[in-house]
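What follows is a short report on a single structure.
Reckoned from all heavy atoms, side chains included, excluding hydrogens, waters and symmetry mates. The structure displayed is predicted, hence computed values, not measured ones. All chains are named by letter (A, B, ...) in the order of the sequence lines, taking the proteins before the strands, and each is independently numbered beginning at 1.
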Amino acid sequence: MNIQPTQIDAYKLIHDGVLTLARAEQAGMRIDVEYCERKKTHLTRKIARIEANLSKTDLVKQWKKINRQNFNMDSNDQLGKILYDVMEIKPPKTTKSGKGSTDEDTLSQIDLPELKDILRIRKLRKVRDTYLDAFVREQVNGWLHPFFNLHTVRTFRSSSSDPNFQNIPKRDKEAMNICRRAIFPRKGHQLIEVDFSGLEVSIAACYHKDPTMMKYLKDPHSDMHGDMAAQIFCIDDFDKQKHPEHKFLRGATKNSFVFPQFYGDYYANNAQGFCSSWLHLPLGRWKPGTGPDMPGKTKLSDHMISKGIKSYQDFEDHMKKIEKDFWGRRFYVYQKWKDLWVEAYQKKGFFDMYTGFRCSGIMRKNEVINYPVQGAAFHCLLWSFIQLDKILVGRYRSRLIGQIHDAVILDVHPDELEEVAYIIKKVTCRDLPEAWNWICVPLDVDADLCPVDGSWNMKESYKLPGV
DNA sequence: GGAACTCGCCAC
DNA sequence: AAACGTGGCGAGTTCC
């Protein structure tokens, strides 16, 4: 039996979802206000110290002289003028409106020690002003109740606000620790976070059914990112277990090539992203003995030069071929689906997601391809969230408190942990694909658990039971 | 003094 | 030929 969800089903999902998310909002989470205040003061002092040091440098002296009483170290407008007009540095990149960029990627390409301090200040301010400040502002008697909206996003995903619970630092360890240290479970409880692994890639596969991708998703020993890393860096004996260096290149490939390609990016951006964010290789000629480590005592540039890739331009040309192979051979069925999907939209003026949601209006090609995947992937999380709430409410002390697109955050009582973990696994990996049989790839979830009474930065990998 | 804008940056 | 999808939010800036 093959039952496609209709617009009625989509409508019901939204309504159930709104009620369930409202319950999570009402539940809320504990926030350590005293800690936030302490940390804010600490960060303010730290920023002041860096600013004091910066004031002694020629760059800032000149900056002050030019801007007089308007001088503001947080003004990127002023910084751009100093760098690109006064000092006549050629902007490595420009913004949409044509001004020289002053973002992290750009500043780190300019060889001025002061800019490191400026970036450091930016990072600390971000943590203080966007997160700690917001936590204190939005909390009520030590409780935080972030909003989760279902009516704001074009793809029928969710959004969160006041404070936004969906963008609290995670990758940057320092920022992560400072921000998540503020968030606590109920007394005697513990926080657990469960996320679908590679959900959007899996949901995309439900639409395009590319055989190569299906194999990657069904064979646990296969490794798409590893295969791409081996191809991009011309490595015959690729082994991420054996070589941490290979593991690093795999991560770079995932973030600089595979995912951006799935979102509709192209090779030249990928090549630049690789070089500036990961490989630290220049946009000109590559010198021997530079770039990340490779197994043995060599560096990546040595290896690439030996393979005939001796400069950025060589690398970009190389990436062009990789891209052509990626869509023209490796995932050619995926490519064909993209073409047909866009063509159908152009004829009809709308498309329907597998979850019954209809998108219409004028959309660019990349939007037409991305929306159905992004939306339906989130709906998998939402469906699971609703089911979990139905099971837990009234019967368990554990409760759902938040959601981040493909992840759910619960506040569990330790006595219920094992049972709740089993329920989560069952709902997400068994019940969901049974309810929506357009899901034709296996789904999997990973979990992180915090200690009892431990804050959200203390999470450690937690193995969920099989079902 | 607020609205609307740009830019930068955090998450998925 | 074109060229990264979805948000929220803070600070600076410009305009009314």
Inset, instruction - Determine the sole option in A:E316, A:M319, A:M304 for which the side chain to side chain contact (heavy atoms under 4.5 Å, CB included) test with A:I309 is passed. - result: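 Passing option: A:M304.
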Legend entry - Heavy-atom neighbours of A:K348 NZ exceed 12 at 6.0 Å: yes
Inset, instruction - Taking only heavy atoms on the protein side, list every residue of residues 161-171 of chain A lying under 4.0 Å from any atom of DNA chain C, sorted numerically. - result: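 The stretch gives A:S161, A:D162, A:N164, A:N167 as the residues lying under 4.0 Å from the strand, ordered by number.
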Legend entry - Residues touching DNA chain C, which here means a heavy atom under 4.0 Å, drawn from residues 346-380 of chain A: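 Heavy-atom cutoff 4.0 Å gives A:N366, A:E367, A:N370, A:Y371, A:Q374.
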Inset, instruction - Taking side chain to side chain donor-acceptor pair (under 3.5 Å) as the test, write out the residues that go with A:K338, two or more places apart. - result: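 Testing A:K338 for side chain to side chain donor-acceptor pair (under 3.5 Å), a comparison that skips the adjacent residues, returns none.
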Inset, instruction - Report yes if the side chains of A:F196 and A:S384 come closer than 4.5 Å at any heavy-atom pair, otherwise no. - result: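 In contact.
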Legend entry - Residues touching DNA chain B, which here means a heavy atom under 4.0 Å, drawn from residues 67-105 of chain A: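 Listed by number, they are A:N76, A:T95, A:K96, A:S97, A:K99, A:S101, A:T102, A:D103, A:E104.
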Legend entry - Residues touching DNA chain B, which here means a heavy atom under 4.0 Å, drawn from residues 113-142 of chain A: A:R122, A:K126, A:Y131
Inset, instruction - Whole angstrom is fine here: how far is it from CH2 in A:W327 over to P in C:dA3? - result: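 Going from A:W327 (CH2) to C:dA3 (P), I get 17 Å.
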Legend entry - Any donor-acceptor pair under 3.5 Å from A:T155 side chain to A:Q374 backbone: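 Not a single qualifying donor-acceptor pair exists.
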Inset, instruction - Verify, without hydrogens or angle tests, whether A:Y332 (side chain) and A:D325 (backbone) share a donor-acceptor contact under 3.5 angstrom. - result: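 Checking the backbone N and O of A:D325 against the side chain of A:Y332, no donor-acceptor pair under 3.5 Å is found.
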Inset, instruction - Give me the first and last nucleotide of DNA chain B, going 5' to 3', that has any atom under 4.0 Å from a heavy atom of chain A. - result: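 Extent of the interface on DNA chain B: B:dT6 to B:dC12.
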Inset, instruction - Answer with yes or no whether A:R157 presents, from its side chain, a donor or acceptor under 3.5 Å of a partner atom in the base of C:dT6. - result: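 By the distance-only test, yes, there is a pair.
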